[in-house]
*Asks:* 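Once you've had a glance at the structure underneath, I'll fire off some questions.
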Amino acid sequence: MCKHLEKNYDPKKTEESIYKFWEENECFKPSRDESKETYTIVMPPPNITGNLHMGHALDQTMQDTMIRFKRMQGYSALWIPGTDHAAIATEAKLMEQLRTEGISKEKLGRKAFLKRAWEWKNKYGSNITKQLKKLGVSCDWSRERFTMDEGCSEAVKEFFIKLYDKGLIYRGKKIINWCPKCLTSISDSEVNFEELNGHFWYIRYKLVGEDRYVEVATTRPETIFGDVALAVNPNDDRYKDLIGKKVIVPVIGREVSIVGDNYVDMEIGTGVLKITPAHDPNDFEIGLRHNLPVIEVMNEKGCMNELSGRYCGLNRDDARKEFVKKLKEEGYISKIEELSHSVGLCYRCSAVVEPRLSTQWFVKMKELAEKALKCVKDGNIEFVPNRFSKIYYHWMENIKDWCISRQLWWGHRIPVWYCKDCNEIIVSKEEVKECRKCFSKNLKREEDTLDTWFSSGLWPFSVLGWPENTDDLRRFFPTNLLVTGYDIIFFWVAKMIFSSLEMTNKPPFKQVLIHGLVRDSQGRKMSKSLGNGIDPLEVIEQYGADALRFSLILGNSPGNDLRFYSEKVEASRNFANKIWNAARFIHMKLSEKETRKKFNLGELDSIDKWILSRLNKVIEQVTLEMEALDLGLAAQKIYDFVWDEFCDWYIEFSKISNRNSVLVYVFNSILKLLHPFMPFVTEKIWHSFNSQDYPIMVSDFPKHNSNYLSQNAEKEIEVLMSVVKMVRNLRREMNVPQSRKVEINIETTNSNIDEILSKYKNELCRLANIKELNILDKFNISGCAASVNEYAKIYMSLEGLVDIESEIEKLKKELEVSKNQLEQANKRLNNKEFLSKAPKHVVEGAKELVKNLEGKISKLNKSIMEFRI
RNA sequence: GGGAGCAUAGCUCAGUUGGUUAGAGCACUUGCCUUACAAGCAAGGGGUCACAGGUUCGAGUCCUGUUGUUCCCACCA
């Protein structure tokens with residue numbers, strides 16, 4: 001038995017110690033060799049509140065596979081990890097904590113609150129990074145960053161001030177999206193629209209001085225308290241004469257005028273719109289156009305305020321119910337319709353977002369977006385797959401100003417001070433003590449913090465030390481690759497691009513590899529509410545990290561969603577075990593000394609030359625796929641080669657004749673090819689063959705060597721394998737038990753093939769369980785079963801058990817198929833246009849096919865004749 | 001309303017710039033505990049590549065349309 005390796009690969013006994021081994025040997029750090037080209041990936045920072053989910057697992061595995069590949073290719077490869085302070089999510093956790101303790105945020109105070117927040121971060125913030133390590137991520141932990149660490153905070157201030165000085169940041173009173181649960185503004189991209197069932201209430205407004213009513217359809221009757229006008233389309237024949245007239249707001253009794261505005265859609269509802277500028281962004285715009293007042297009727301928690309009279313204090317929903325009741329009682333409602341309409345929800349807490357008028361800080365986007373757009377259009381950043389650039393273009397072309405202030409405490413506090421005496425706004429990195437204009441000391445710092453994405457937008461360069469001009473920044477920026485899901489293009493990718501262009505004049509990365517979502521086996525999004533999430537850590541526990549990684553990568557094309565199947569992980573686990581057992585076989589077969597021997601290409605036989613030739617083709621293909629960022633195809637190529645060719649054939653050959661040095665060489669190459677995908681098992685096996693001083697992780701990725709290509713050897717072994725398969729096939733067909741050895745007579749019409757079969761007679765007999773093999777021109781075929789392929793005709797002696805007629809039938813059927821194929825091929829070759837237009841190798845291929853088929857057909861004919869005699 | 005993806009074996013998916021007879025895993029059938037591996041080996045069944053046109057010597061692959069499906073963006077008073 002093998003003395004090094006146990007029978008089955010056990011990831012649990014391996015992974016932790018291997019990871020430690022890499023860390024101790026500083027394998028994760030980039031090479032200090034300045035002459036080496038760099039390859040840099042910056043990790044999308046997971047939230048400190050987060051737990052590893054399948055999306056992370058996919059994202060991280062892709063990055064790790066790429067960085068390992070590039071590191072082995074000889075780049076000075078750097079992958080920088082870090083975490084995100086996740087303002088809303090973290091603050092929500094703390095608020096929850098406070099709630100259980102019965103303390104309010106205000107009572108606690110900002111300072112104490114932040115102290116708690118940092119304590120929370122220090123306690124739980126590294127959970128996610130610990131989980132990442134279980135996946136085997138090879139990032140440089142010595143460079144780990146946090147979006148609120150000193151350097152990143154400095155970067156945020158620098159960015160804010162630079163944009164402010166350029167006039168790209170302004171403070172304004174606008175309608176923004178307000179989350180009444182998180183109690184903060186959120187940006188447009190943080191609102192998710194969902195189709196919900198609601199109602200259309202048709203409400204009658206009485207015209208002043210007339211006995212006529214105007215009907216308005218609304219979904220939000222509780223905002224009537226904020227009505228300041230009605231609006232109709234000036235082209236609407238039904239209503240245009242009403243423009244300028246006044247109506248009385250039901251229940252409230254306020255007189256408001258009717259205005260004409262092209263925004264109003266004549267098709268929707270009654271074609272009359274009630275205008276509530278404080279609670280609807282479109283109404284706000286119309287209000288501006290017509291100089292209408294703004295009446296806010298709700299507070300920050302989504303409850304009605306004192307302007308709503310007796311409904312004051314009720315939340316939106318209760319106020320709506322109560323007020324509708326009142327309207328009904330007083331006869332103002334003429335109709336109620338069921339209506340499905342889309343409602344904006346907070347992306348964090350799913351509360352219905354309330355459009356709210358408030359003073360916030362904004363980034364002026366137009367100019368920034370133009371540059372960011374041009375950068376991608378000019379090809380300075382490539383999206384993979386390319387179709388995602390369209391999504392990016394569309395977003396950039398229709399962008400609105402970005403609301404960056406948040407009414408939260410956990411985050412980067414906006415570096416702005418207000419003079420209470422002269423209203424001067426002072427933007428500064430340092431604490432401001434005195435107004436620069438009136439020298440008053442009566443200053444107040446801005447309470448709000450910045451949108452989390454404001455700091456993560458700087459991530460690719462802030463982690464490298466920007467705004468300082470550090471060695472790392474000079475050496476590793478711009479970065480090479482960003483890997484992320486398509487769901488985050490607007491949130492993050494776009495923001496990094498314009499931030500980087502504005503601050504560094506360079507794109508933050510050269511390529512963006514976009515992946516899809518990991519769904520459950522039924523294709524549903526994994527979500528907490530559905531409870532269908534699968535914990536990657538549990539999968540690792542059960543199958544190992546390599547198996548999880550491989551199953552996420554194998555056979556997935558870039559950008560496509562994938563379904564998670566434990567069967568697929570199982571298959572990957574089996575593959576890891578397959579490699580493991582191949583290693584055991586080699587250990588068992590070879591002494592340590594033998595594994596060190598080198599081979600001389602000139603002395604090798606065709607079997608060795610064949611596997612070397614195939615290996616080199618695979619190396620070439622895998623390298624190409626990796627460079628094209630198609631990891632799924634690369635993994636598939638390795639899988640197929642290892643299992644189908646190396647294990648099923650080459651190892652079997654090596655049981656029959658000694659093939660020591662090539663066996664070891666090919667296997668080591670396989671380990672290297674596979675290492676970026678399955679780092680743990682490959683490193684572990686590597687150690688069993690090689691000194692621990694040379695981790696596979698920092699070894700050289702195999703390079704394609706055309707000297708190893710051999711068309712002849714590939715052809716010879718193809719002939720050998722095809723005959724083995726034919727015999728095996730015939731045995732099954734004739735129900736010959738596996739244990740029974742058979743006598744086989746082979747007839748070929750080609751002396752080359754005779755030669756190959758004679759040369760590998762031993763292999764042929766062992767692999768097809770043949771007792772006696774005759775390679776002859778003619779023999780007695782009575783009692784034989786026959787099979788034919790393009791290289792040979794075989795007869796299997798079965799001592800009278802064979803029904804000659806059914807043998808003939810079988811051969812005839814085969815003949816029919818071959819004739820059809822020949823006809824097709826000849827048709828092509830007789831077509832002048834095919835000959836003149838098709839590329840040479842295709843024509844050659846067709847000719848070869850015809851030759852093979854003709855050979856096969858003549859053998860079949862002969863065979864049938866022989867049976868007849 | 002605008003845009004994108006997907007549709008290939010029973011299931012989940014691959015299929016490079018069009019090029020012989022369309023692949024894998026799982027599942028299924030049959031036979032093997034053959035000393036690396038039963039987490040395995042061998043053999044096998046199973047496909048009008050959604051539908052209809054078109055381009056081409058040649059289409060799963062390119063173009064147009066249709067259907068089904070998933071998603072994104074915008075708007076929804």
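Note on naming: letters A, B, ... go to the chains in the order of the sequence lines (proteins, then strands), and numbering restarts at 1 for each one.
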*Asks:* Quick one: label A:Asn831 by what it contacts on the DNA or RNA (base, sugar-phosphate, nothing), any heavy atom closer than 4.0 Å.
*Replies:*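 Sugar-phosphate contact only.
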*Asks:* Check every strand shown and say whether A:Tyr9 touches a base, only sugar-phosphate, or nothing at a heavy-atom separation below 4.0 Å.
*Replies:* base
*Asks:* Are side-chain heavy atoms of A:Val493 and A:Thr484 found at a separation under 4.5 Å?
*Replies:* yes
*Asks:* Restricting to side chain to side chain contact (heavy atoms under 4.5 Å, CB included), what partner residues turn up for A:Ala229, sequence neighbours left out?
*Replies:*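 Residues passing side chain to side chain contact (heavy atoms under 4.5 Å, CB included) with A:Ala229: A:Ile275, A:Leu292.
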*Asks:* Between A:Asp280 and A:Arg519, who's closer to the 5' end of RNA chain B by nearest nucleotide?
*Replies:*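 It is A:Arg519, whose closest nucleotide lies nearer the 5' terminus.
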*Asks:* Just checking A:Ile391: base, sugar-phosphate only, or nothing, at a heavy-atom cut-off of under 4.0 Å?
*Replies:*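 No contact.
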*Asks:* Salt-bridged, A:Glu814 to A:Lys856, with N to O below 4.0 Å?
*Replies:*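 Looking at A:Lys856 together with A:Glu814, the answer is yes, because their closest N to O distance falls below 4.0 Å.
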*Asks:* Scan A:Trp643 against the nucleic acid and name what it touches under 4.0 Å (heavy atoms): base, sugar-phosphate only, or nothing.
*Replies:*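 Sugar-phosphate, no base atom in range.
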*Asks:* Does OP1 or OP2 of B:G5 have a side-chain N or O of A:Arg387 closer than 4.0 Å?
*Replies:*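 For B:G5, OP1/OP2 do not have a side-chain N/O of A:Arg387 under 4.0 Å.
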*Asks:* Tell me whether the OP1 or OP2 atom of B:A14 has a side-chain N or O from A:Asn560 closer than 4.0 Å.
*Replies:*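 So the side chain of A:Asn560 is within the cut-off, an N or O lying under 4.0 Å from OP1 or OP2 of B:A14.
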*Asks:* Does atom CD of A:Glu823 have more than 12 heavy-atom neighbours, drawn from other residues, nucleotides or ligands, at distances under 6.0 Å?
*Replies:*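 No, because the 6.0 Å sphere around CD of A:Glu823 holds 12 heavy atoms or fewer from other groups.
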*Asks:* Given the C1' atoms of B:G47 and B:G3, what is the spacing between them in whole Å?
*Replies:*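 One C1' to the other, the span is 33 Å.
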*Asks:* Just call it for A:Val216: base, sugar-phosphate, or nothing, with non-hydrogen atoms closer than 4.0 Å on any strand.
*Replies:* nothing
*Asks:* What does the B/S/- profile of nucleotides 22-33 of chain B look like, 5' to 3', with a 4.0 Å heavy-atom cutoff to protein?
*Replies:* --SSS---BBS-
*Asks:* Please measure how far the C1' atom in B:C51 lies from the corresponding atom in B:U8, and state the result in whole Å.
*Replies:* 14 Å
*Asks:* Taking atom P in both B:G15 and B:G58, what distance in whole Å separates the two?
*Replies:*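 Approximately 26 Å lies between the P atom of B:G15 and that of B:G58.
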*Asks:* Taking atom C1' in both B:U70 and B:U17, what distance in whole Å separates the two?
*Replies:* 29 Å
*Asks:* Below 3.5 Å between N/O atoms, which protein atoms pair up with nucleotides 44-48 of chain B? Just atom names and distances, please.
*Replies:*
residue: B:G44; atom: OP1; partner: A:Asn729; partner atom: ND2; Å: 2.8

*Asks:* Please compare A:Gly269 and A:Asn192 by the position of their nearest nucleotide in RNA chain B and report the one closer to 5'.
*Replies:*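 Its nucleotide being nearer the 5' end, the pick is A:Asn192.
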*Asks:* Can a salt bridge be assigned to the pair A:Lys813 and A:Glu816 using a cut-off of 4.0 Å between side-chain N and carboxylate O?
*Replies:*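 Result for this pair is no, no salt bridge flagged.
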*Asks:* Expressed as a whole number of Å, how far does the C1' atom of B:U66 sit from that of B:A7?
*Replies:*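 The same atom, C1', in both gives a distance of 14 Å.
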*Asks:* What's A:Lys741 touching, base or sugar-phosphate or nothing? Going by heavy atoms closer than 4.0 Å.
*Replies:*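 Result for A:Lys741 = nothing.
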*Asks:* Identify whether any heavy atom of A:Lys832 sits under 4.0 Å from a base atom; if not, whether one sits that close to sugar-phosphate; answer base, sugar-phosphate or nothing.
*Replies:* nothing
*Asks:* Across the strands shown, which category fits A:Ser557 at heavy-atom distances under 4.0 angstrom: base, sugar-phosphate, nothing?
*Replies:*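 It contacts sugar-phosphate atoms only.
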*Asks:* What is the nucleic acid contact for A:Arg573, judged by heavy atoms within less than 4.0 Å: base, sugar-phosphate only, or nothing?
*Replies:* base
*Asks:* Can you list the residues that meet the ring-ring contact (aromatic ring centres under 6.0 Å, His included) rule with A:Phe383, with sequence neighbours excluded?
*Replies:*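 Here the qualifying residues are A:Tyr392.
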*Asks:* When the C1' atoms of B:C49 and B:G18 are considered, how many whole Å apart are they?
*Replies:*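 These two C1' atoms come out 15 Å apart once rounded.
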*Asks:* Does the pair A:Lys335/A:Glu215 count as a salt bridge with the N-to-O cut at 4.0 Å?
*Replies:*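 Answer for the salt bridge query: no.
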*Asks:* Compare the minimum distances between each of B:A74, B:C37, B:U21 and the side chain of A:Asn581, then state the nucleotide with the smallest one.
*Replies:* B:C37
*Asks:* Given the C1' atoms of B:G45 and B:U29, what is the spacing between them in whole Å?
*Replies:*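 Pairwise C1' distance, B:G45 against B:U29, rounds to 7 Å.
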*Asks:* Side-chain N or O of A:Lys725 versus OP1/OP2 of B:A42: is the shortest distance under 4.0 Å?
*Replies:* no
*Asks:* Looking at every strand, decide which applies to A:Glu652 at a 4.0 Å heavy-atom threshold: base, sugar-phosphate, or nothing.
*Replies:*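 Answer is base: heavy atoms of A:Glu652 come under 4.0 Å of a base.
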*Asks:* How would you label the contact of A:Leu633 with the nucleic acid (heavy atoms, under 4.0 Å): base, sugar-phosphate, or nothing?
*Replies:* sugar-phosphate
*Asks:* Establish, with yes or no, whether the OP1 or OP2 oxygen of B:A77 is under 4.0 angstrom from a side-chain nitrogen or oxygen of A:Thr218.
*Replies:*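 Checking B:A77 against A:Thr218, no side-chain N or O comes under 4.0 Å of OP1 or OP2.
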*Asks:* Using a cut-off of 4.0 Å on non-hydrogen atoms, how would the nucleic acid contact of A:Ala846 be classed: base, sugar-phosphate, or nothing?
*Replies:*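 Nothing, no nucleic acid heavy atom in range.
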*Asks:* Just to be sure I follow the notation: if a pair is Watson-Crick (purine N1 to pyrimidine N3 plus N6-O4 or O6-N4) or a G-U wobble (N1-O2 and O6-N3), each under 3.5 Å, what dot-bracket string does RNA chain B give, with | for pairs to another strand?
*Replies:* (((((((..((((.....[...)))).(((((.......))))).....(((((..]....))))))))))))....
*Asks:* Using the C1' atom as the point on both nucleotides, what is the distance between B:C32 and B:A14, in whole Å?
*Replies:*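 The same atom, C1', in both gives a distance of 31 Å.
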*Asks:* May I ask you to list the residues of residues 622-631 of chain A, by number, that have any heavy atom positioned under 4.0 Å from an atom of RNA chain B?
*Replies:* A:Glu625
*Asks:* Does A:Val272 reach a base, just sugar-phosphate, or nothing at all? Heavy atoms under 4.0 Å.
*Replies:*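 Contact class for A:Val272: base.
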*Asks:* Give a yes or no on whether a salt bridge exists between A:Glu6 and A:Arg584, defined as a side-chain N under 4.0 angstrom from a carboxylate O.
*Replies:*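 No, no charged N to carboxylate O under 4.0 Å.
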